[in-house]
Protein chains: 2
Amino acid sequence: MTTVTITQVAERVGVSVATVSRFLSGNNVREEDAIREAIAQLNYRPSAAARNLKSGKTSTIAVIVPDIANPFFASIVRGAEKAAGEKFMVLLVNTDGNPNREERILTQLFGRVDGVIMVPLTEDEVAPTAFGKFGFPIVFVDRISKESHEFDSVLVDNVKGSRLAVEKFIALGHTRIAMIGGPLDSTPGKLRRDGFHAALKKAKIENNPEYFVEADFNQVGGFAAMTKLLDLDNPPTAVLSANNLMTIGALEAIKSRGVCVPEELSFIGFDDIEMATLLVPPLTVVSRDVESQGAEAMRIMINRLDPNNRLSPQHKMIDVKLIERGSCSNPWLWSSKDSKIDQGSKKVK
Amino acid sequence: MTTVTITQVAERVGVSVATVSRFLSGNNVREEDAIREAIAQLNYRPSAAARNLKSGKTSTIAVIVPDIANPFFASIVRGAEKAAGEKFMVLLVNTDGNPNREERILTQLFGRVDGVIMVPLTEDEVAPTAFGKFGFPIVFVDRISKESHEFDSVLVDNVKGSRLAVEKFIALGHTRIAMIGGPLDSTPGKLRRDGFHAALKKAKIENNPEYFVEADFNQVGGFAAMTKLLDLDNPPTAVLSANNLMTIGALEAIKSRGVCVPEELSFIGFDDIEMATLLVPPLTVVSRDVESQGAEAMRIMINRLDPNNRLSPQHKMIDVKLIERGSCSNPWLWSSKDSKIDQGSKKVK
DNA sequence: ACGCTCTCTGCAATCGTTATCAGTAGTTAA
DNA sequence: TTAACTACTGATAACGATTGCAGAGAGCGT
């Protein structure tokens, strides 16, 4: 109710506020026991606001994500929280992928946090030049661009991820390999496409532009893109989806068309899905340790905040691996008699 | 770098800090344009810390959940964020279901937030008596207990939820109906069990203690509980799981045993699961609007924070409904010849 | 007794804002 | 002309903590 201040504690014990303050910060004081008791009696808690003002530190780090309900971002946050430990609190903020909101949030955050860990949806959500003015360090997750040299970042090996998937398809004998890609103005969208194309090129598979559909990293986009692929005259026999939400959408499209996985279509998703093992068949995915990516971002932030360090921008790369479950098979496993998608010959042209 | 203060803005324009402050709070001032420009030039942002100290308000509301990576809690947070709008920021904190951490967090939060929205895992995570001393209002989500009359809360109709599921099973002809329950020291765990038993009693179905397994609201617990049920001499033909994580665990157990749903076993989960439609068969669930539950909690909090209101504790109840998909069927649909679970006669005793 | 270090103390300034208060014009009313 | 009102202003005291400073004792060696 009535907030109790350090002054009241001091009065009760009969010492100065300075002494109580020193006790609070761990110094030896004579009336130690009395102070401890007075604090308990009065139920005193130091005001964070006053401390912040005096010290200029908040012991708070914001994590900004486009959508906390996406399990992927939730895991990042969780990793960051764990790495923050007792020293820092985590202030979580959603942007809803809305650039205006993002800008406003960054402004509001001033004086409230010591630093920001940010997972942007696209690369230009916030004008790059705007960053310098916010006055706190920023660690980017999954984002790299021109000004990247100025900022810390934690990236994932997007190119390798796509490559692993494509190589898997190729090893099984697929040649009609398609990708449902993310927005090309986002780092993951761009790099995952690059990895896809690079792997195809390396295997000397002709690049069929119809086999790359750019979508929006959302479920509906994945559904639409997959539908488009299934409607091609010569549909692919293997599909890589560039993120978890689009994977779900794509699987819905596949299911609604009655296409069988993996007999008629091999499928790999980028980023693991909770319950991937429960799907029929279990989904093969390109996976990374998302929690540790969040943790790594927090670790970098904490280092940056330490005034003893004057580090140059850090760039950490998280590895990916292919987790094989049951959604891929050889393309010739199925007979074409009643397949809904094999209407052409296996050899194009 | 060097933080710019209101004083510098005032100096540059040639007015007093009071005038700048007034401009900031929306009053008419003569040098309006000059101030605006100076703020932009100097890139000045008011310090939240100083404002907090002066006003005693933080415009921040904490949402405390056991695990943000659980999509269910993520949705609560999201709803709360939406309802918070521009006026309040949301500070998210995980407890990891750890009571010590919970206590510590509540302490740390003092002076940092205006109020707390809390989703506790069990009812006694925090000593009820402890709450009075934290000095900010608390809105509970999914929790009710002795001291409930003192605190606002947003509950879900747990009893009805269980009842809907059981009635569905009964309507299909099931009599061997089991439940994988949550911890009985939690509000949802207790009430969902109560609803389960009440519905059975109403239908005059004998209460078989073996058909209620208390688990931990986690995936592994769900797996173990389901395994236990399948191992019974006279296993159930219909199972209700008390939350989403246990549902996933239970489905894994079912799958690993090769039991067919819904032919051999009807299944209903409490709380919807993302991708429930993708499962084979699509999962029938008891669902509520989780986002709106979070939003409702935030709305109550904002009202409580308004000094004009002197409200008695609010208790809002969120409705539930049964979403029928494909995981339930009549128990006699299947023949017993090769079923892995029907070893007894359909009629018990 | 004297100086010296050591440990602890209280005073007071300070962090960046906002709110109170007492002005100072300028306008209008009587 | 004076009074009353309006519309703004600047100086200054808070808000609740931390910290530099000077000083008070205590302990010790000479």
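Just so it is clear: chains get the letters A, B, ... in the order the sequence lines come, proteins before strands, and each one is counted from 1.
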What is the distance, to the nearest angstrom, from the CD atom on B/Gln8 to the P atom on C/dC15? 11 Å
Would you kindly give the CG-to-C1' distance between B/Asn52 and D/dA14, to the nearest whole Å? 16 Å
Does any N or O in the side chain of B/Arg304 come within less than 3.5 Å of the main-chain N or O of B/Ser312, such that one atom is a donor and the other an acceptor? yes
Would you confirm whether A/Thr5, through its side chain, and A/Thr7, through its main-chain N or O, come within 3.5 Å as a donor-acceptor pair? yes
Between A/Asn218 and A/Leu245, is a side-chain contact (heavy atoms from CB on, under 4.5 Å) present by the stated rule, with each step listed? CA-CA 5 Å; A/Asn218 284 321; A/Leu245 261 33; 3.9 Å; yes
Please report, rounded to the nearest Å, how far the P atom of C/dT17 is from the CD1 atom of B/Ile35. 13 Å
Taking CZ from B/Arg112 and C1' from D/dA17, how many angstroms apart are they, rounded to a whole number? 14 Å
Checking all strands, does B/Ser21 fall into the base, sugar-phosphate, or nothing category for heavy-atom contacts under 4.0 angstrom? base
Spacing between A/Glu11 atom CD and C/dG10 atom P, to the nearest angstrom: 13 Å
Heavy atoms only, 4.0 Å cut-off, all strands: where does A/Phe23 land among base, sugar-phosphate and nothing? nothing
Is there a donor-acceptor pair closer than 3.5 Å between any side-chain N or O of B/Arg112 and the backbone N or O of B/Ala62? no
How close or far is atom P of D/dA17 from atom CD1 of A/Ile39, stated in whole angstroms? 10 Å
Side-chain-base donor-acceptor pair under 3.5 Å for B/Lys54 and C/dT17: no
Do A/Ser59 and A/Arg51 pair up side chain to side chain, a donor and an acceptor below 3.5 Å, judged on atom types alone? no
Atom-pair distance (CG on A/Asn27; C1' on C/dC8), nearest Å: 10 Å
Below 4.0 Å: OP1/OP2 of C/dT18 and any side-chain N or O of B/Arg51: yes
Who pairs with B/Arg288 by side chain to side chain contact (heavy atoms under 4.5 Å, CB included), at least two apart in sequence or on another chain? B/Phe72, B/Asp142, B/Val156, B/Arg192, B/Asp271, B/Val290, B/Gln293, B/Ile318, B/Val320
What are the atom names and distances for every N/O pair under 3.5 Å that joins the protein to nucleotides 8-12 of chain D?
unit_1	atom_1	unit_2	atom_2	d
D/dT9	OP1	B/Arg30	N	2.7
D/dG10	OP1	B/Ser16	N	3.4
D/dG10	OP2	B/Ser16	N	3.1
D/dG10	OP2	B/Ser16	OG	2.9
D/dG10	OP2	B/Thr19	OG1	2.2
D/dG10	N7	B/Arg22	NH2	2.8
D/dG10	O6	B/Arg22	NH1	3.2
D/dG10	O6	B/Arg22	NH2	3.2

Provide, to the nearest angstrom, the distance between the CD1 atom belonging to A/Ile6 and the P atom belonging to C/dC15. 19 Å
Hey, which of these two, B/Ser25 or B/Leu53, hits DNA chain C nearer its 5' end, going by closest nucleotide? B/Leu53
Counting distance only, does the side-chain N/O of A/Asp152 pair as donor-acceptor with the main-chain N or O of A/Gln314 below 3.5 Å? yes
Examine C/dC15: is either OP1 or OP2 under 4.0 Å from a nitrogen or oxygen in the side chain of B/Thr5? Give yes or no. no
